[in-house]
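Data first, discussion second: the structure below is written as structure tokens.
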Amino acid sequence: MAELTTLEEHRCFDGVQGFYEHASEAAGLPMRFGVYLPPQAREGPQPVLLCLAGLTCNEQTFAIKAGAQQHAARHGLVLVTPDTSPRNTGIAEADADWDFGTGAGFYLDATREPYAQHWRMESWLMEELPALLQRHFPLRTDRIGVLGHSMGGHGALTLALRHPGRFRTVSAFAPIAAPTEVPWGQKALRGYLGEDRAAWAAHDAVKLIEGGAKAPPLLVDQGEEDPFLATQLRPERLEQACAAAGQPLELRRHAGYDHGYFFIQSFIADHVEHHARGLAA
Ligand SMILES: N[C@@H](CCC(=O)N[C@@H](CSC=O)C(=O)NCC(=O)O)C(=O)O
């Protein structure tokens, strides 16, 4: 059986936007992801931007809604858009809520049953997927940046902080910056990791920075009309932690913008340029 199944491929800004599935060992199930190959990939391997989406999203959401391909085509960046959780796991309770379980993997490896067997997003993204991508696509896994939105912003920050040296560039839109302190994060961390608060802290960007973890300079955009700003996101906690630790952070607050993809579309060009510059250096 083929290692990789092509689900769809579409010409896009002179490159190719595809969606693929493979039998993931980490998840123990088929996992899906998107890859945008810019036109430069016809000439040879190009740097990669891993794009992590938020709650309720799948591998198509960011690819369809963010408008990133036109900028990736200009800069010669490969975009990789993974699904946000395993699916069709047979665990009925995993489909009960939109902010936990299916579509809400929080980019970590669960240790609590019934999730521990399949919810292994960190292992999939950090180990299995890069090796698979390297075998099948013209891209450079030694030059990877990571970007994320909301739950995906939490993923971008925590994966970069937990795996120093793996990502050369990091950025986020409206990240869940302090998940141990907010309802979305507490629900996920309790559900996937149990009651051990030390285990939670290892997946909280603010706590990681306070504990001395370092990441490349962070670019973060936040809409001031985001309905989740005060209750779920808490960018001021990231600002405080970065200032105290000397972690470079550019936090841009934008009047009038909310949490959705119209906000992302408005600033995605800056993010792709940020990554392209850092990945070329
Ligand atoms: N269904 C929820 C809203 C869910 C939501 O806003 N999801 C965001 C990410 S939130 C944090 O990770 C998203 O990206 N949705 C996809 C989209 O196409 O906008 C509710 O009813 O409040």
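A quick note: this is a predicted structure, and the numbers were derived from the prediction, not measured. One-based numbering, in listed order, for ligands and for the atoms of each.
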Report the nearest protein non-hydrogen atom to [atom]: residue, atom name, distance rounded to 0.1 Å.
atom                    : answer
atom 17 (C) of ligand 1 : Lys65 NZ, 3.6 Å
atom 20 (C) of ligand 1 : Trp98 CZ2, 3.9 Å
atom 6 (O) of ligand 1  : Phe228 CE1, 4.0 Å

- request: Spell out, as yes or no, whether a donor-acceptor pair under 3.5 Å connects the side chain of Tyr36 to the backbone of Cys12.
  value: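 Yes; at least one donor-acceptor contact below 3.5 Å.
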- prompt: Which atoms form the tightest heavy-atom contact between Ala72 and Val272, and what is the distance?
  reply: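 In this case the closest contact between Ala72 and Val272 is N-CG1, 3.9 Å.
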message: Can you give me the closest heavy-atom contact between Phe263 and Gly223, atom names plus distance?
response: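 So the two residues come closest at CZ-N, 3.5 Å.
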Take a 6.0 Å sphere around [atom1] of [X] and say whether it holds more than 12 heavy atoms from other residues, nucleotides or ligands.
X      : atom1 : result
Asn88  : CG    : no
Gln117 : CD    : no
Gln265 : CD    : yes

- prompt: Do you see a protein non-hydrogen atom under 4.0 Å from atom 10 (S) of ligand 1?
  reply: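 Under the 4.0 Å cut-off, atom 10 (S) of ligand 1 does have protein heavy-atom neighbours.
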- prompt: Any side-chain donor-acceptor pair under 3.5 Å between Glu250 and His274?
  reply: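 Checked: Glu250/His274 side chains show no N/O donor-acceptor pair below 3.5 Å.
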message: Please classify the Thr56 to ligand 1 contact at 4.0 Å (heavy-atom distances, strictly less than): side chain, backbone, both or neither.
response: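 The answer is the side chain.
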- request: Determine whether the side chain, the backbone, both or neither of Gln232 has a heavy atom under 4.0 Å from any heavy atom of ligand 1.
  value: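 It is neither part, as no heavy atom is under 4.0 Å.
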- prompt: Cation-pi between Arg197 and Trp200: NZ/CZ under 6.0 Å from ring centre and within 45° of the ring axis?
  reply: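 Geometry flag: set, cation within 6.0 Å and 45°.
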Near [X], which atoms of ligand 1 are under 4.0 Å from a heavy atom of that residue?
X      : answer
Met151 : 11 (C), 12 (O)
Trp184 : 10 (S), 11 (C)
Cys57  : 13 (C), 14 (O), 15 (N), 16 (C)
Leu55  : 7 (N), 8 (C), 9 (C), 11 (C), 12 (O), 13 (C), 15 (N)

message: Between ligand 1 and Tyr261, is the shortest N or O to N or O distance under 3.5 Å?
response: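 Such a contact does not occur with ligand 1.
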